[in-house]
Amino acid sequence: MIPGPVETPQNILDAIGAPTMPHYGPEFLAMLTDTVDMGRRLFETKNDVLLMPGPGTGALGALIGAAGKDGDGAIVIDNGFFADRAADIATGHGLTPYIVEFPWGEVVDPEVVRNFIKETLPKAAADGHPITQIIVIHHETSTGVLNPLKEISAVSNEFNIPLIVDAVASGGGVPTPLDAWGIDGFVTVGNKCIATPPGLGIAAVSPRLWQIAKANPSPRGWYYDLKIWAHYVEEWAWHPFPTTMPSNNIKGLNQALKDIFAIGPAAHYAKIAAAAAYLRAGMAEMGFTLFPKTEAAAPMVTAFNGLPGLDIGAMISYLNDECRIIISGGLVSLRGKIFRVGHMGGASEKPLMDEFLAGVRDFLA
Ligand SMILES: *Cc1c(COP(=O)(O)O)cnc(C)c1O
């Protein structure tokens, strides 16, 4: 019940356990195309969807590195741990981050972002770091906050600046209509809201971001250089990616997406939201409150405040040792102050949530 990876349904593990196929040939390509098409439907986009083997952070770094050349500026919208990391990723690519900061646990205010952009654009240009991208975390897993992506994207589009979204923990968990919202770069993974094992980054790249990537003169390594991916997508129809693909893992993602479309994305989102509501109600009975404001709380991970005198570390150990349930503590400054429970994959099943609630009740007793 951690914020990912999540407990994977057995039929997805079975799909992954089938004999390995090569990462080319008609059978593999048909499966890849089918998987990517389902990804496009889930994220409501005509943009290219790339499966980039590796963690979500790898694909995110590829998009951030593609969107700016060395020396360019990047506005980072920061209300948590993963946004701090996104700023480090930008720095690692030779970009200069300009950070618009909100306290951890608060939701991003698009109006504050608009004013920050207005002030920063001339300043950054004068510093020699013209802003070429805005980076935001959709679901900041470190605090349980869901940021208002539609409104943030509208602001970035007002200024005609591509938005790069870390949707690692929200993709497939809430609707993200990329084309309607005008989002250029979007990254998620299989192993959170889509409930596969880890191993696949999933990136949606708009035509505009492709153009920027292809014109980017700065070196970006090789594997995670979007220019290299563009070359393979455009020139290697039989092998539209640069390296060997984990075909078993892609088969698992294919099965997971089929499972989502079998019930429909709306029902999939509703299941996660219902799990969050159920578990929060049970915790409220024991006196627990949410760390973020209720209206800012994401449905896929709940961050709870501790109780007076409660040793959160001891509770986490008790749940692990006595109930075989793993949850997460707080990160960095929130360590010992909050704990986080996921509602994705198997964690959304009621019997498991009941075991968790009973475990917490026993520990308190
Ligand atoms: C889990 C998570 C990540 C890290 O994903 P990796 O696959 O480990 O790279 C990044 N951002 C957010 C918001 C996350 O929840």
Side-chain angles (χ1 to χ4, degrees), residues 1-8 39 43 50-65 74 76-90 92-93 97 99 102 104-108 134-149 152 163-174 176 183 185-204 223-224 246 249-250 252-253 256 272 276 291-292 296-303 326-332 334 338-345 347:
M1 302 180 87
I2 58 175
V6 303
E7 195 159 306
T8 302
F43 307 128
L50 307 175
L51 303 185
M52 303 182 95
T57 308
L60 182 66
L63 267 55
I64 290 173
V76 181
I77 303 172
D78 189 341
N79 61 343
F81 175 85
F82 288 102
D84 286 355
R85 178 179 287 176
D88 289 344
I89 293 171
H93 277 300
I99 298 173
F102 300 86
W104 286 28
E106 278 187 20
V107 69
V108 167
I134 298 170
I135 305 170
V136 70
I137 314 299
H138 187 198
H139 168 31
E140 191 35 274
T141 339
S142 61
T143 63
V145 165
L146 189 70
N147 287 316
L149 185 56
I152 292 165
L163 183 69
I164 308 295
V165 183
D166 171 346
V168 170
S170 59
V174 287
T176 51
I183 290 170
F186 174 88
V187 170
T188 190
V189 294
N191 55 282
K192 295 205 183 186
C193 299
I194 302 174
T196 70
L200 279 177
I202 304 170
Y223 172 65
Y224 275 131
N249 222 318
I250 294 173
L253 179 61
I272 294 172
F291 175 61
M300 51 295 268
V301 173
T302 303
I326 317 173
I327 62 166
S328 295
L331 295 170
V332 197
L334 295 174
I338 66 166
F339 57 95
R340 299 173 299 140
V341 185
H343 314 295
M344 305 165 284

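Whatever order the structure lists them in is the order used to number ligands and atoms, beginning at 1.
At a 3.5 angstrom cut-off on N or O pairs, Lys192 counts as close to ligand 1. Remark: ligand 1 and His139 share no N or O pair separated by less than 3.5 Å (distance only, no angle test). Looking at Gly56 next to ligand 1, an N or O pair under 3.5 Å apart turns up.
A heavy-atom distance below 4.5 Å is found between the side chains of Ile77 and Phe102. With a 4.5 Å cut-off on side-chain heavy atoms, Val174 and Pro299 count as touching.
Less than 4.0 angstrom separates some heavy atom of Ala169 from each of these atoms of ligand 1: 15 (O). Within ligand 1, the atoms closer than 4.0 Å to a non-hydrogen atom of Ile137 are 13 (C), numbered from 1 in the order shown.
Scanning both residues, Ala167 and Thr188, for their nearest heavy atoms gives O-OG1, 2.9 Å.
What sits closest to atom 11 (N) of ligand 1 on the protein, heavy atoms only, is Asp166 OD2, 2.7 Å. Of all protein heavy atoms, the one closest to atom 4 (C) of ligand 1 is Thr57 OG1, 3.7 Å. Scanning the protein heavy atoms around atom 5 (O) of ligand 1, the nearest turns out to be Val168 CG1, 3.6 Å. In this structure, atom 15 (O) of ligand 1 lies nearest to the protein heavy atom Thr141 OG1, 2.2 Å. The protein heavy-atom contact nearest to atom 3 (C) of ligand 1 is Phe82 CE2, 3.5 Å.
Residue contacts with ligand 1 for Leu60 are absent, since no atom lies close enough (heavy atoms, distance under 4.0 Å).
Between Phe186 and Phe43, the ring planes are tilted. Angles from 30° to 60° get that label.
Among residues two or more places apart in sequence or in another chain, the ring-ring contact (aromatic ring centres under 6.0 Å, His included) test is passed with Phe339 by Phe288, Phe304. Annotation: side-chain contact (heavy atoms from CB on, under 4.5 Å) contacts of Val187 (sequence neighbours excluded): Ala59, Leu60, Leu63, Val168, Ala203.
Tested against Ser170, the residues His138, Glu140, Lys192 include a single side-chain hydrogen bond (donor to acceptor under 3.5 Å, both in side chains) partner, His138.
A distance-only check finds no donor-acceptor pair linking the side chain of His139 to the backbone of Gly144 [under 3.5 Å].
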